[in-house]
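Worksheet for the structure shown next.
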Amino acid sequence: MQTLFYVALLWLCGLFFARFLGVLKFPDVTGYLVAGLLIGPSVLGLLPKEGVQSLSIINDIALAFIAFSIGLEMDLGKLKNLGSKIIIVTIIQALGAFLLVTLGAYFIFHTGLGFALLLGSISCATAPAATLMVIRQYKAQGDLVDVLIPVVALDDAVCIIAFGISSSMAAALLSGQALSPLTMFVLPVGQILLAILLGILIGLVYSQLERMTRNKGEVLTLTVALVFAGSAMALYLHLSSLLLLMSCGLFVANFTRAKRRPANVIDQVTGPIFLLFFVLSGADLDLSALPAVGLLGVFYIVARAIGKYLGAALSSKATGFPPSVYENLGLTLLPQAGVAIGLSALAQALYANVTPVAGASLFLTPQAGSLIRTIVLGATIVYELIGPILAKLALDRAGTIPHEEKKPDQKATRGDKESAQKRKPSLEGKAN
């Protein structure tokens with residue numbers, strides 16, 4: 001009975017605070033995190049620590065759907081049309097954040113290599129929802145938008161791969177193994193390839209079963225069963241469930257003849273699940289740990305922002321994009337939410353298996369996982385508060401917002417919309 005009460009409490013509080021903060025123009029995810037923080041053990045205690053732990057399966061379920069949804073959104077045909085420049089920009093901006101955060105954590109804060117790698121790989125992730133909401137609100141069109149949308153679609157895939165390699169190296173270090181080419185590259189790459197192959201295999205089985213379904217209800221049931229089965233298989237084989245399900249979704253979306261795409265029905269279940277996940281993540285934020293991660297948390301926020309901005313600016317300029325893109329793209333990539341929070345939960349679980357050693361550094365104890373989660377959750381709140389504001393500023397500076405559309409309450413005429421559509425050519429032709 002208590003578990004059912006906790007689930008109901010999470011849903012109701014998440015809805016209320018999302019609506020309340022929505023009046024102040026904050027994204028829903030900020031309301032969910034704030035709701036969880038307030039009702040969690042660090043503030044009001046309506047959801048005790050035992051309650052948070054009893055609902056941990058929600059994290060696994062939400063992560064599985066997040067990864068599968070990312071795969072479904074990756075349209076290889078569109079990416080091919082845009083050319084290799086988009087892929088280069090995506091990798092370089094993610095690498096900029098990864099290098100600054102990892103090197104700073106290791107050399108400045110002496111966190112140990114495993115901790116630094118995990119934190120650095122999580123910093124690669126970008127949450128596209130807030131930025132895309134700003135694009136829709138102001139009807140932005142132009143070069144910057146044409147580059148931004150595929151970059152954020154690919155960014156989380158790059159982050160998941162980076163985390164898969166980093167977590168394998170961190171696990172080896174925490175178990176006392178010395179780093180070698182085997183532990184640094186061969187084993188991580190082997191695990192990544194195996195996860196991808198299994199994901200493709202599950203997607204192939206799904207495509208065959210989907211042909212037998214008679215209606216959307218059966219498609220939804222089959223899709224949920226697929227996601228659960230893929231996640232369970234990954235956990236059993238100690239593989240990345242994120243990579244497995246992302247590759248599965250990508251295969252289903254691009255290489256099958258399924259007439260009723262799962263993307264058309266999966267939103268019916270993911271909304272409530274994601275709400276629970278974010279509110280529960282907010283409840284898991286340990287305020288008592290903030291003093292221990294204070295400077296490191298601030299460093300993470302600043303270093304990630306600098307890495308994203310410089311990586312996006314240098315790579316988009318070097319690949320020939322116009323000034324409106326390379327001067328503003330970095331500002332639109334700062335929001336961070338779902339994937340980063342999910343990866344922090346996996347990092348926390350990785351450290352939960354560490355055997356405490358007397359006199360060991362804090363970053364080599366089970367508490368290190370909670371530190372990573374606290375850093376990421378705190379940074380998420382900051383990024384989700386300032387991210388939409390900076391995204392709107394960048395889109396405005398790039399000239400992608402029509403003058404008449406800068407005020408949300410001012411309706412554009414039909415002629416305004418037509419002129420805005422003709423104002424700049426698409427980048428698809430340029431990238432070919």
Near F274 CZ, under 6.0 Å, is it more than 12 heavy atoms from other residues, nucleotides or ligands? yes
So with a 6.0 Å cut-off around CZ of R19, is the heavy-atom count from everything else above 12? no
Where [X] and [Y] come nearest, the two heavy atoms and their spacing:
X	Y	answer
F321	V147	CE2-CG2, 3.6 Å
Y383	P335	CB-CA, 4.1 Å
S123	Y300	CA-OH, 3.3 Å
L47	A283	CD2-CB, 3.9 Å
A234	L244	CB-CD1, 4.1 Å
D60	S231	O-OG, 4.3 Å

Do the side chain of [X] and the main chain of [Y] share a donor and acceptor less than 3.5 angstrom apart?
X	Y	value
S166	F163	no
T111	A105	yes
R304	G96	no
W11	L275	no
T400	L395	yes
D155	V151	no
S168	G164	yes
T223	V219	yes

Is [Y] close to [X] at the side-chain level, that is, under 4.5 Å between some pair of heavy atoms?
X	Y	value
I200	F255	no
I122	V101	no
I372	Q348	no
I58	L55	yes
L10	Y32	no
F68	T270	no
L329	L144	yes
E218	L222	no

Starting at [atom1] of [X], measure out to [atom2] of [Y] and round the result to the nearest 0.5 Å.
X	Y	atom1	atom2	answer
L377	F278	CG	CZ	10.5 Å
Y309	Q93	OH	CD	14.0 Å
L44	C13	CG	SG	9.0 Å
L37	S42	CG	OG	6.5 Å
H110	L296	NE2	CG	12.0 Å
F251	L204	CZ	CG	5.0 Å

Passing option when V89 is tested against L314, T319, L148, V325 for side chain to side chain contact (heavy atoms under 4.5 Å, CB included): T319
F17 and L38: side-chain contact (heavy atoms from CB on, under 4.5 Å), yes or no, with the steps? CA-CA 10 Å; F17 277 94; L38 291 178; 3.4 Å; yes
Measure the acute angle between the ring planes of F16 and F20, then classify it against the limits of 30° and 60° as parallel, tilted or perpendicular. parallel
Cation-pi between R373 and Y351: NZ/CZ under 6.0 Å from ring centre and within 45° of the ring axis? no
Just do the side-chain contact (heavy atoms from CB on, under 4.5 Å) check on F98 and L117 with the steps written out, would you? CA-CA 8 Å; F98 174 80; L117 286 171; 3.9 Å; yes
Report the C-alpha distance between K308 and T126 in whole Å, list the side-chain angles of each, state the deciding distance to 0.1 Å, and finish with yes or no for side-chain hydrogen bond (donor to acceptor under 3.5 Å, both in side chains). CA-CA 10 Å; K308 285 275 183 182; T126 298; 2.9 Å; yes
Dump the intermediate steps for side-chain contact (heavy atoms from CB on, under 4.5 Å) on L118 and S167, then the final yes or no. CA-CA 6 Å; L118 290 172; S167 60; 4.0 Å; yes
As a quick check of understanding, evaluate side-chain contact (heavy atoms from CB on, under 4.5 Å) for L331 and R397, giving each step before the final call. CA-CA 11 Å; L331 291 179; R397 287 199 323 176; 3.9 Å; yes
Do F299 and F109 have ring centres separated by under 6.0 Å? yes
